[in-house]
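Let me begin by presenting the structure, written as structure tokens, before commenting on it.
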Amino acid sequence: MERFSSERDRYFMKNALNISLRGIGNTFPNPSVGVVIVKNNQIVSRGWTQPGGKPHAEVVALKKKSFFGATLYTTLEPCSHYGNTPPCVNQIIKSRIKRVVIGLKDPNPLINGNGITKLKSKKIKITLGILKDEIKKTHLGFFNKIKKKKPFVSTKIAISRNGKMINNNNSWITSEDSRSYGNFLRAKHDVIVTGIETVLKDNPTLNCRHYGMQKFSPVRIILDSKLRIKENLKIIKTAKKIKTYIFTNFNNEKKIRRLKKYGISVKFHNNNLKNIINEIANMGFNNVLLEAGPNLNYFFLKDKLIDKIYYFKSKNDIKIEKIFSEKQLSLKNISKLKFKNLYFNNIGNDTLRIFEK
């Protein structure tokens, strides 16, 4: 008989957790779950949630029909209800798995222990809570969305040595290495939120440009209260390839009709950032990346909407006067907001600090 110690359970759950990271940013509205199946102390199959949230990790791992006597490790409780896919617990039962090790219960009210109950009813042994703290960190966006109606919101701040985020010369503030890292972050978030000022000034595409990762470009949301968007911008011309929303409270029916022809979806919303973030959660998004200028960053921080900060600081100075919002984004002021400094390192010619609530 195959025996498992708590240490061995942690080892295999760590494998499941590691592969769950492959789907982060691409599985909304579902969380990115990782699964490994173990028999005779060997991993015989693995799976993670696929783009768009289906198929689920369990379905991918259970592609063979039978795993008689094996143990399945999953970072999150298997689903037990009919949604867009049949319940994963049914396939686990059919596969003749004898034991299921679960990191965390699924907080979704449709599941929340029901999957565990159904597996137990079929005499399948359950172990719950292995690596629960580590797993909860990877699923924070999904958990926040379910429990608080708020996704996990990160922001990317690029700032000069003397505290400038705006460069009137339109040259880069940070090094190529920093920009490459920042570009990679896009693939690990469901959606990018930006403001109309950034779109008009920089004309960005806001896609992931790393080789082979273009398909993981996030959904884009533009906050444009007065509908000032111009139709010749890159973000408009690429809207049929990358899903794009504009949040506005200005009803220009003629312009909206033209924007819809480009593939833009227009949502009417007031300027209240907390309500906007709640709406983004209602749209199914788990992980949000704010890519914006100092003003929008300042207001997000002021409203306590930011959970994580990627803070890139250049060694170069920009010789123009700082504006109020840039002053508020200094390292000294960030530290006053009770963020924890998780990481510090050099990146190219810059430094990168990662802060989290």
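One-based numbering along the sequence shown. On a predicted model such as this, the values are computed, not experimentally measured, just so you know.
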Please determine, by modelled atom types, if [X] and [Y] share a side-chain donor-acceptor pair under 3.5 angstrom.
| X | Y | value |
| --- | --- | --- |
| K319 | N162 | no |
| R8 | N41 | yes |
| T49 | N30 | no |

Run the numbers on E279 and K274 for salt bridge (charged side-chain N to carboxylate O under 4.0 Å, His left out), then give the verdict.
-> CA-CA 9 Å; E279 177 62 20; K274 291 182 180 179; over 6 Å; no
Begin from the C-alpha positions of D350 and S178 and carry the test side-chain hydrogen bond (donor to acceptor under 3.5 Å, both in side chains) through to its verdict.
-> CA-CA 7 Å; D350 312 315; S178 292; 2.6 Å; yes
Step by step, work out the side chain to side chain contact (heavy atoms under 4.5 Å, CB included) result for L301 and I334.
-> CA-CA 9 Å; L301 283 165; I334 294 292; 3.9 Å; yes
Residues [X] and [Y] bridged, charged N to O under 4.0 Å:
| X | Y | result |
| --- | --- | --- |
| R161 | D317 | yes |
| K340 | E356 | no |
| D307 | K150 | yes |
| R99 | D9 | yes |
| E134 | K14 | no |

Using side-chain heavy atoms (C-beta onward) and a distance below 4.5 Å, is [X] in contact with [Y]?
| X | Y | answer |
| --- | --- | --- |
| V100 | I92 | yes |
| H189 | S154 | yes |
| I37 | T71 | no |
| I221 | I192 | no |
| T27 | Q50 | no |
| I309 | F339 | yes |
| L290 | I306 | yes |
| K230 | I236 | no |

Closest non-hydrogen atom pair, [X] against [Y]:
| X | Y | answer |
| --- | --- | --- |
| G34 | S20 | N-CB, 3.3 Å |
| M13 | G103 | CE-N, 3.5 Å |
| W48 | I19 | CB-O, 3.5 Å |
| K63 | S45 | NZ-OG, 3.5 Å |
| K156 | G182 | CD-CA, 3.6 Å |
| G163 | K322 | O-CD, 3.4 Å |

In this structure, are over 12 heavy atoms from other groups packed under 6.0 Å from N249 atom CG?
-> yes
Over 12 foreign heavy atoms within 6.0 Å of CZ, F344 = yes
Quick check for you: to the nearest 0.5 Å, what is the distance between [X] atom [atom1] and [Y] atom [atom2]?
| X | Y | atom1 | atom2 | answer |
| --- | --- | --- | --- | --- |
| Q328 | L337 | CD | CG | 9.5 Å |
| F355 | L342 | CZ | CG | 9.0 Å |
| L233 | D202 | CG | CG | 11.0 Å |
| C208 | Q214 | SG | CD | 7.0 Å |
| E58 | C79 | CD | SG | 6.5 Å |
| F299 | S325 | CZ | OG | 7.5 Å |

N108, N287, N286 screened by side-chain hydrogen bond (donor to acceptor under 3.5 Å, both in side chains) with K145, the one that passes = N286
Report the residue from L76, I102, L17, V33 that forms a side chain to side chain contact (heavy atoms under 4.5 Å, CB included) with I135.
-> L17
In a check of side chain to side chain contact (heavy atoms under 4.5 Å, CB included) between L296 and each of T198, I196, T155, L223, which one passes?
-> L223
Would R220 and T244 count as a side-chain hydrogen bond (donor to acceptor under 3.5 Å, both in side chains) if you check the C-alpha gap in whole Å, the side-chain angles of each, and the deciding distance to 0.1 Å?
-> CA-CA 5 Å; R220 304 171 301 192; T244 305; 2.8 Å; yes
For the hydrophobic clusters of this structure (ILVMFWY residues joined by side-chain heavy atoms under 4.5 Å, transitively), does one cluster hold both [X] and [Y]?
| X | Y | answer |
| --- | --- | --- |
| I159 | I173 | no |
| L289 | I24 | no |
| I124 | L128 | yes |

Under 3.5 Å donor-acceptor, [X] side chain and [Y] backbone:
| X | Y | value |
| --- | --- | --- |
| E291 | T194 | no |
| N203 | K234 | yes |
| N297 | G293 | yes |

Any cation-pi pair here, K240 with Y262, using under 6.0 Å and within 45°?
-> no
Does NZ or CZ of K243 lie under 6.0 Å from the centre of the six-membered ring of Y245, at an angle within 45° of the ring axis?
-> yes
How far apart are the C-alpha atoms of K164 and I320, what are their side-chain angles, what is the distance that settles it, and do they pass the side chain to side chain contact (heavy atoms under 4.5 Å, CB included) test?
-> CA-CA 8 Å; K164 286 294 299 177; I320 53 176; 3.4 Å; yes
What pairs with I43 under side chain to side chain contact (heavy atoms under 4.5 Å, CB included), at least two apart in sequence or on another chain?
-> F12, N15, V36, V38, R46
H210 vs F184 aromatic rings, parallel, tilted or perpendicular, using cut-offs 30° and 60°?
-> perpendicular
Return the orientation label for the Y181 and Y310 ring planes: parallel under 30°, perpendicular over 60°, tilted otherwise.
-> tilted
Within the 6.0 Å centroid threshold, strictly below: F142 and F152 | no
Please test K39 against F67 for side chain to side chain contact (heavy atoms under 4.5 Å, CB included), starting from the C-alpha separation and ending with a verdict.
-> CA-CA 8 Å; K39 190 169 184 178; F67 287 91; over 6 Å; no
Passing option when E231 is tested against R258, K255, K261 for salt bridge (Lys or Arg N to Asp or Glu O under 4.0 Å) = R258
Could you walk me through whether I229 and I222 pass side chain to side chain contact (heavy atoms under 4.5 Å, CB included), step by step?
-> CA-CA 9 Å; I229 194 83; I222 305 163; 4.1 Å; yes
Not counting sequence neighbours, which residues clear ring pair (Phe, Tyr, Trp, His ring centres under 6.0 Å) with F143? List them please.
-> none
